[in-house]
2 protein chains.
Amino acid sequence: MVTSRDVAREAGVSQSTVSYVMSGKRPLSDDTLRRVDEAMTRLGYQPNSRARALAAKRSHVVGLMIPLSPRIEAASLMRFIQVIASEARGHGHDILLVTEDEGASGMQRVIGEQICDGLILMQVETDDERIPVVRDLKVPVVVIGVPGDAESITCVDADYRSAAELAVDFLAARGHRQVTFVDWPSGLRQRDVNFIERFDAGVAAAAQRSGIEVLQVEGGAHRETIGRAVRSGLEASNYPAFLVPDSGVQAMLQESLMLEGRRPGLDVSLIGSGEDAPQQIVPLTTIDFVPNVVSARAVELLVAGLDGRRELDGQVHLEVPTITERESTIVVPT
Amino acid sequence: MVTSRDVAREAGVSQSTVSYVMSGKRPLSDDTLRRVDEAMTRLGYQPNSRARALAAKRSHVVGLMIPLSPRIEAASLMRFIQVIASEARGHGHDILLVTEDEGASGMQRVIGEQICDGLILMQVETDDERIPVVRDLKVPVVVIGVPGDAESITCVDADYRSAAELAVDFLAARGHRQVTFVDWPSGLRQRDVNFIERFDAGVAAAAQRSGIEVLQVEGGAHRETIGRAVRSGLEASNYPAFLVPDSGVQAMLQESLMLEGRRPGLDVSLIGSGEDAPQQIVPLTTIDFVPNVVSARAVELLVAGLDGRRELDGQVHLEVPTITERESTIVVPT
DNA sequence: TTCTGCTGTCGATGCGTATCGACTATGCTA
DNA sequence: TAGCATAGTCGATACGCATCGACAGCAGAA
């Protein structure tokens, strides 16, 4: 193993000078700098992260707690993980996986044993047992999702309320006077995840504002349920519009529509979400809940906290979703 | 922070004794053991992993390199990750994420800087740039998938050949004389992933052995392609059987069949694979490629290598898949 | 009795880095 | 010319633990 001491000897300086070359915390002559740099490359020096972590009390490792049973589709979850990992890397940090089956004690372990400098928690629910534990941890933690009691917890999430408003406004602007809101699966409603309530509130607010009538129908990945949803929607208006935030059912819904002889983008509007929406038979106009923006924000907040650049503010940070228009929405003739 | 020195003082012993209590590497009197244990719980001692790693030259962290664009469905990938993480935990190790966008140099970084003790690589392809690098790393590495040149590389994968044989034999045993093999998507064939060849070989071998005729048709997630596949299959036999190893298309295929007025398990056999197969309209008989067995095996091999219990053997370890019979397969009347 | 071997404990040292205080040389101000 | 700040470097120490060698006490063997 090549140590900083070896580099020092090779460059004819002291070990501490090598350390200062790396950190830049003391002024150095150009000559010394060059000689040390050369010695490093010549010897193929790589600093030992263990020694570094022990001495500096910083491991540059961030714990990421991933959900056991994802509420969201696995593809989206993977997306989060990928973005978080590479963003962290961009800030000089690595990601340690903490699985949810360890429970809250997993957090205490990785922090107590000082494996990680900080934590990111994914998919925090309204009544999440991890939240009180987070408050007692003496390290920076950023949470994805919004717990019921967010007091002094730094959270990041998509702004589901705005998302709903954007979608309803989008339909209103194209002349729809009615929208059929195909609900999230009931499992989600039972599990206490408040982004649903926020979405609901957005739908209601936008509908009221623009005078649109909302028909809320049951969702869930059953053919019959979706069939019923479609039929109700078609009955409700001459120019039906479907708002389907749950990406799991939109393929089925689209097929169901076609069985009824309707086609999104031709005589029906359909707004979906998710990664596979562009690949549907009719590419869907979608709500993008900007998972990569949310992930990047979480990392950035945490790293800023770790580097002491900015104290974690304990606030809720909501990232604004966007609507991408594709071919599944129509303009109602006036 | 509570250190082992604090515990020692509290228990009235030396720091080294505390260390020996934890490692068990020297005999200790029951009395000392008890006093130290009590002192630990009283003070809430948690050993500092940084110091531990520096002194012992072992961090108990394993690097896991995850693919950027998963060949397999994301849900399956998440499954791998979850199992690997919790198995590793069971062996006292944590998982550090290394994303593929860092390339092979990512491995050199986490090993060179001694962040990890060893590595697991996922989704290794036939001609994988990481393999030569792995050979030069001086640490244990286990690879999931089988590279073209597996010389001195410890690999774990599902036995795709056996899987294919099992499936064909299964159909033969139920009286089918013909099977329509709906191919993997062409993207997979282009990307050099040799499990496909192994599967092909298994199909051919079993077909020959049991005198079954195989019709290989194009796969891929397009409605028309699948429709064509279905029609070809239906024409080919009075008692058609479909073998559909790619889990991405099976829902579509099943619908396609029903459009033709056929129903798996009634007048057609259909063998699929993957997590969502039991939730299909007709629950599918599936090939289970035992991802959790493969993951667990990879971890176990690696950890055995790390603990010095067993040298990594540089061999290919193939785990035998299973067939789970559900409702989508028929018995052909004789 | 004396020697041998084992049990149980301790002190000292090292792991590789970061950082603090101190020191020298240099150029500058008064 | 004395005094002084600054740039540039070094030596020593600490981080918290694992481990090695040493040693005391005690049993049994010779």
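Just so we're on the same page: letters track the sequence lines, and every chain starts at 1. This is a predicted model, so every value here is computed, not measured.
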Fill in: Interface with DNA chain D, restricted to residues 11-18 of chain A and to heavy atoms under 4.0 Å
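Those residues whose heavy atoms fall under 4.0 Å from DNA chain D, taken from residues 11-18 of chain A in numerical order, are A:Gly12, A:Val13, A:Ser14, A:Ser16, A:Thr17.
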
Fill in: Over all atoms of both residues, closest heavy-atom pair of B:Ala158 and B:Val294
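Smallest interatomic distance, heavy atoms only, reads N-CG2, 3.8 Å.
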
Worksheet item: Between B:Arg58 and B:Asp307, which heavy-atom pair has the shortest distance, and what is it?
Response: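 Smallest interatomic distance, heavy atoms only, reads NH2-OD1, 3.3 Å.
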
Spacing of [X] atom [atom1] relative to [N] atom [atom2], expressed in whole Å:
{"X": "A:Lys25", "N": "D:dT9", "atom1": "NZ", "atom2": "P", "result": "19 Å"}
{"X": "A:Arg58", "N": "D:dC15", "atom1": "CZ", "atom2": "C1'", "result": "16 Å"}
{"X": "B:Gln46", "N": "D:dG16", "atom1": "CD", "atom2": "C1'", "result": "14 Å"}
{"X": "A:Arg35", "N": "D:dG8", "atom1": "CZ", "atom2": "P", "result": "13 Å"}
{"X": "B:Arg26", "N": "D:dA22", "atom1": "CZ", "atom2": "P", "result": "12 Å"}
{"X": "B:Leu28", "N": "D:dA24", "atom1": "CG", "atom2": "P", "result": "19 Å"}

Worksheet item: Stepwise, does the salt bridge (charged side-chain N to carboxylate O under 4.0 Å, His left out) test hold for B:Arg109 with A:Asp94?
Response: CA-CA 11 Å; B:Arg109 182 178 65 82; A:Asp94 278 290; 2.8 Å; yes

Worksheet item: Would you say B:Leu121 and B:Met107 make side-chain contact, with heavy atoms under 4.5 Å?
Response: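 Heavy-atom side-chain distance check passes, below 4.5 Å.
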
Discussion item. Under the side-chain hydrogen bond (donor to acceptor under 3.5 Å, both in side chains) test against B:Arg34, which residue among B:Asp37, B:Asp30, B:Asp31 passes?
Written reply: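 Going through B:Asp37, B:Asp30, B:Asp31 one by one, the side-chain hydrogen bond (donor to acceptor under 3.5 Å, both in side chains) with B:Arg34 is satisfied by B:Asp31 alone.
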
Discussion item. Quick check against the 3.5 Å criterion: does B:Glu100 have a side-chain atom that pairs as donor or acceptor with the backbone of B:Leu68?
Written reply: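 Pair found, side chain donor or acceptor close to backbone of B:Leu68.
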
Worksheet item: Closer to the 5' end of DNA chain C via nearest nucleotide, is it B:Tyr20 or B:Gln114?
Response: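 Its nearest nucleotide lies further toward 5', so the answer is B:Tyr20.
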
Discussion item. Can you work out whether B:Leu54 or B:Thr32 has the more 5'-proximal nearest nucleotide on DNA chain C?
Written reply: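 Looking at the nearest nucleotide for each, B:Thr32 comes out on the 5' side.
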
Under 4.0 Å between a side-chain N/O of [X] and OP1 or OP2 of [N], yes or no?
{"X": "B:Tyr45", "N": "D:dC17", "answer": "yes"}
{"X": "B:Arg52", "N": "D:dA18", "answer": "yes"}
{"X": "A:Ser29", "N": "D:dT9", "answer": "yes"}

Item to complete: State whether the number of non-hydrogen atoms from other residues, nucleotides or ligands found under 6.0 Å of B:Arg135 atom CZ is greater than 12.
Response: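 Check passes, neighbour count above 12.
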
Discussion item. Using a 6.0 Å cut-off, check whether atom CZ of A:Arg5 has over 12 heavy atoms from anything other than its own residue.
Written reply: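 Check fails, neighbour count at 12 or below.
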
Worksheet item: Checking all strands, does A:Arg5 fall into the base, sugar-phosphate, or nothing category for heavy-atom contacts under 4.0 angstrom?
Response: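 Contact class for A:Arg5: base.
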
Item to complete: Show your reasoning for whether salt bridge (charged side-chain N to carboxylate O under 4.0 Å, His left out) applies to A:Glu300 and A:Arg310.
Response: CA-CA 10 Å; A:Glu300 196 231 304; A:Arg310 183 170 60 237; 3.2 Å; yes

Fill in: Most 5' of A:Asp31 and B:Pro47 on DNA chain D, judged by nearest nucleotide
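Per heavy-atom nearest nucleotide, the more 5' residue is A:Asp31.
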
Worksheet entry | Span of DNA chain C, from the first to the last nucleotide whose atoms fall under 4.0 Å of chain B heavy atoms |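 Counting from the 5' end, contacts occupy C:dG8 to C:dG16.
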
